[in-house]
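Read the structure below first, then the notes.
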Protein chains: 2
Amino acid sequence: MKKITISDVAKHANISKSTVSQYLNERYEYMGEQTKQRIHESIIELGYSPNYLARSLKQKKTFTIGIMVANILHGFSTKVIRAIEDACNEENIHTIVCNTDEDPEKEQKYMEMLQAKQVDGFIVFPAGENAKVYQRMLEQNTPLVFIDRIMSDLKIDTVLMDNERASELAVENFAKHGHEKLAVATPELKPYMTPRLERLSGFKKALQTNNLPVKEDYLISENLDSLQERLQHVFTMEDPPTAMLANNDLTLVEMLEFFKKSNIRLPDDISIIGIDDVPFANVYHPGITTIEQPAFKIGKKAAELLFDQINDTASEPEVYRFAPKLFERESVKTLDE
Amino acid sequence: MKKITISDVAKHANISKSTVSQYLNERYEYMGEQTKQRIHESIIELGYSPNYLARSLKQKKTFTIGIMVANILHGFSTKVIRAIEDACNEENIHTIVCNTDEDPEKEQKYMEMLQAKQVDGFIVFPAGENAKVYQRMLEQNTPLVFIDRIMSDLKIDTVLMDNERASELAVENFAKHGHEKLAVATPELKPYMTPRLERLSGFKKALQTNNLPVKEDYLISENLDSLQERLQHVFTMEDPPTAMLANNDLTLVEMLEFFKKSNIRLPDDISIIGIDDVPFANVYHPGITTIEQPAFKIGKKAAELLFDQINDTASEPEVYRFAPKLFERESVKTLDE
DNA sequence: CTGTTAGCGCTTTCAG
DNA sequence: CTGAAAGCGCTAACAG
């Protein structure tokens with residue numbers, strides 16, 4: 001089946017290409033009613049469908065954006081992406097999402113290929129040390145917004161959760177229930193991993209403002225692979241914590257696995273709170289108190305900021321933070337005096 | 001910053017456009033070593049990056065495919081997508097994924113827009129009654145492969161799990177542990193929802209081959225919203241089941257919620273198995289025996305089939321089924337005589 | 001080994 | 001109100 005083009009339609013309707021083009025772009029201000037009719041009929045008769053590629057080439061706009069994410073398998077990313085896609089759908093924009101696996105080279109390659117495909121902009125969860133790449137985009141005026149990680153050297157719109165507030169929420173909840181020996185577990189820290197860093201610093205700050213002791217041994221930052229060993233160590237200390245914050249969902253799962261294996265009972269032996277939403281929070285025994293990231297708000301905002309940049313209606317780049325929300329369930333035990 | 005094009009490079013290198021084009025496409029068979037050098041230098045000096053749009057227009061190939069999925073928030077879809085993207089990455093193909101929310105109109109609109117963008121093909125989780133749309137694609141020779149749902153009227157490559165086998169696996173496991181009163185819960189059935197249908201039919205068949213009674217009351221197919229009520233009813237019958245299969249992850253969660261609320265203990269009061277992988281299977285008390293879909297294999301195969309169609313190396317359309325895998329944990333109790 | 005030429009399918013002045 | 005013509009950036013014969 002041969003591709004049929006605008007010229008075929010024009011010929012069929014006995015009219016010129018440009019008029020058909022006008023019609024397609026709904027610029028029928030001065031167009032004859034019957035011309036319109038004729039075009040319309042020809043289009044359906046021929047089963048014409050326009051070639052956006054050609055249009056984009058001319059208009060220098062593809063109505064396509066790129067999203068760079070570490071891994072779509074991660075729940076937070078997936079939600080953010082969904083929110084972005086919903087926002088894009090309203091504007092008839094499509095999204096190409098790429099998994100960088102936290103590999104800066106892979107990210108760079110993807111971004112360059114998408115640029116070659118002339119995408120209108122990028123929303124990226126930055127994969128670490130790629131500053132020069134972003135810098136170049138900036139210089140080329142490529143619309144760009146970051147999610148989740150702040151790169152302080154770069155003037156780029158960034159949207160993320162108020163991570164310090166999240167830890168604070170957790171600490172306050174533990175404190176309210178009478179806990180004083182608070183621990184936190186976070187995966188390995190890297191300088192560009194804003195959320196982990198901020199959640200940890202927020203935790204420490206909150207300890208202080210709540211006049212709670214900060215014990216270095218309780219501040220666990222460890223590769224997920226070896227987290228369980230580390231926990232093993234902490235929970236065989238003579239004065240183990242009574243409450244523990246999981247800095248993200250993966251950490252939570254590791255913790256739970258460890259507790260299960262070690263026969264440490266929730267919430268009697270240990271109270272926990274997890275940052276990040278997990279699908280089983282409700283059905284677990286006990287239900288797990290969680291602090292959710294406003295993933296949809298974050299995605300929506302990021303999309304809006306990008307659209308503003310694309311449409312040249314953007315203001316100065318800023319960092320936008322969204323409030324976390326605590327869902328109290330049963331995993332924090334109330335301690336009596 | 002003005003976009004710099006192939007002509008600029010040609011001019012800068014004192015050479016013609018076509019030679020530069022050759023260079024870019026690595027057809028430097030007869031190209032002078034120094035010409036190559038010159039081009040190379042000009043390219044970096046000018047910071048040239050090719051415009052794939054223009055190339056695609058000419059070549060009639062965009063190296064982009066569309067994926068239509070009900071909702072990326074669903075775990076199975078996400079995994080399949082990830083597998084597809086990995087396969088695409090090897091071929092330098094990009095994917096545009098669209099959420100249809102099971103809405104055929106939305107699906108149709110998306111597919112038509114992507115066709116207008118000249119994508120090279122589609123992988124789709126069909127959203128129900130859109131046969132005419134697919135039919136048209138077929139007639140236009142648009143490469144197309146289905147995942148998860150079979151549309152028997154259409155000759156289209158389809159890849160999915162062997163769903164009947166999954167239920168059979170569950171029944172066998174229950175039987176092995178001495179259970180005879182087996183129930184199954186599935187969300188609402190629609191004629192095009194192959195997996196649900198097949199899992200249910202597989203369940204019944206397996207009951208028979210294992211000489212187990214099939215009791216209609218135990219075959220629960222219900223909207224997720226009202227599933228809990230229905231379970232309530234089943235578990236207050238005089239002769240409740242001792243084992244129950246959750247036909248998918250969402251159903252599992254509903255079931256667990258119900259059991260928790262109703263103080264029905266796992267696995268003492270009820271044994272369960274869930275089809276679909278869930279992130280908490282291991283950490284739950286008790287660990288939940290699950291039957292996993294080979295999502296990655298499915299995604300990979302779908303991508304390969306699509307590539308074959310794109311490259312005109314495809315054989316006759318077929319249905320490909322992949323084996324499920326059972327992970328035994330602690331949610332099935334062994335019954336004594 | 002390199003340059004010329006003619007498009008890919010569409011949009012967009014600019015005349016008429 | 002409609003048509004002619006140029007051109008978006010690149011590729012692909014075909015000459016030379």
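All values reported here derive from a predicted model rather than from experimental measurement. Residue numbering restarts at 1 for every chain, and letters A, B, ... go by the order of the sequence lines.
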Q) Could you state the NZ-P distance from B/K11 to C/dT4, rounded to the nearest angstrom? A) 13 Å
**Q.** Test log, rule side-chain hydrogen bond (donor to acceptor under 3.5 Å, both in side chains), inputs B/T62 and B/Q118
**A.** CA-CA 7 Å; B/T62 53; B/Q118 312 299 117; over 6 Å; no
Q: May I ask you to evaluate whether A/N25 reaches the phosphate of C/dT11, defined as a side-chain N or O under 4.0 Å from OP1 or OP2?
A: yes
Q. In whole angstrom, what separates B/N51's CG from D/dG7's P?
A. 18 Å
Q: Please determine if a side-chain N or O atom of B/T35 lies less than 4.0 Å away from the OP1 or OP2 oxygen of C/dT2.
A: yes
**Q.** Short side-chain N/O contact to D/dT11 OP1/OP2 from B/Y23, under 4.0 Å
**A.** no
Using atom types as modelled, flag every donor-acceptor pair under 3.5 Å from a side chain in residues 299-310 of chain B to any protein atom, sequence neighbours excluded.
{"from": "B/D308", "atom 1": "OD1", "to": "B/T313", "atom 2": "OG1", "distance (Å)": "3.1"}
{"from": "B/Q309", "atom 1": "OE1", "to": "B/L144", "atom 2": "N", "distance (Å)": "2.8"}
{"from": "B/Q309", "atom 1": "NE2", "to": "B/L144", "atom 2": "O", "distance (Å)": "3.0"}
{"from": "B/Q309", "atom 1": "NE2", "to": "B/D157", "atom 2": "OD2", "distance (Å)": "3.1"}

Q. Can you list every side-chain hydrogen bond (donor to acceptor under 3.5 Å, both in side chains) pair that touches residues 64-79 of chain B, not counting sequence neighbours?
A. A/R82-B/N71, A/K117-B/T64, B/K79-B/D277
Q. Who pairs with A/K109 by side-chain contact (heavy atoms from CB on, under 4.5 Å), at least two apart in sequence or on another chain?
A. A/M113, B/N89, B/N92
Q: Only counting residues at least two apart or in another chain, list the ones meeting salt bridge (Lys or Arg N to Asp or Glu O under 4.0 Å) with B/E318.
A: none
Q. With no angle test and no hydrogens, is the base of C/dT4 tied to the side chain of B/S18 by a donor-acceptor pair under 3.5 Å?
A. yes
Q: Just grab all the salt bridge (charged side-chain N to carboxylate O under 4.0 Å, His left out) pairs involving residues 118-136 of chain B, residues at least two apart or on different chains.
A: B/E112-B/R136
(Q) Rounded to whole Å, how long is the line connecting atom CG of A/L24 with atom P of C/dG9? (A) 15 Å
Q: Mind checking ring-ring contact (aromatic ring centres under 6.0 Å, His included) for A/F76 and listing every partner two or more places apart, or none if nothing turns up?
A: none
Q | Nucleotide D/dG7, atom C1' - distance to CD1 of B/I6 in whole Å | A | 16 Å
Q: Nearest 0.5 Å please: distance from the CE atom of B/M111 over to the CE atom of B/M68.
A: 6.0 Å
(Q) How many whole angstroms separate atom NZ of A/K36 from atom C1' of D/dC1? (A) 12 Å
Q. Among residues 52-64 of chain B, which residues get a heavy atom nearer than 4.0 Å to DNA chain D?
A. B/A54, B/R55, B/K58
Q. What's the NZ-C1' distance between A/K17 and D/dA4, to the nearest Å?
A. 10 Å
Close N/O contacts between protein and nucleotides 14-16 of chain D (under 3.5 Å):
none

Q. Is B/T5 near enough to D/dG9 that one of its side-chain N or O atoms lies under 4.0 angstrom from OP1 or OP2?
A. no
Q: Please name all residues satisfying ring-ring contact (aromatic ring centres under 6.0 Å, His included) with B/F125, sequence neighbours left out, ordered by chain then number.
A: none
Q. Does any pair with a residue in residues 39-52 of chain A pass side-chain hydrogen bond (donor to acceptor under 3.5 Å, both in side chains), and if so which ones, sequence neighbours excluded?
A. A/Y23-A/H40
Q | Net bend of the helix from C/dC1-D/dG16 to C/dG16-D/dC1, end axes of five pairs each, nearest 10 degrees | A | 40°
Q) For C/dG3, does either OP1 or OP2 sit under 4.0 Å from a side-chain N or O belonging to B/T19? A) yes
Q: Check whether any side-chain heavy atom of B/S21 lies under 4.5 Å from a side-chain heavy atom of B/I6, and answer yes or no.
A: yes
(Q) Quick check: on DNA chain C, is the nucleotide nearest B/R38 upstream (toward 5') of the one nearest A/S49, or the reverse? Name the residue that is more 5'. (A) B/R38
**Q.** Pairs meeting criterion ring-ring contact (aromatic ring centres under 6.0 Å, His included) with involvement of residues 136-158 of chain B, two or more places apart
**A.** B/Y134-B/F146
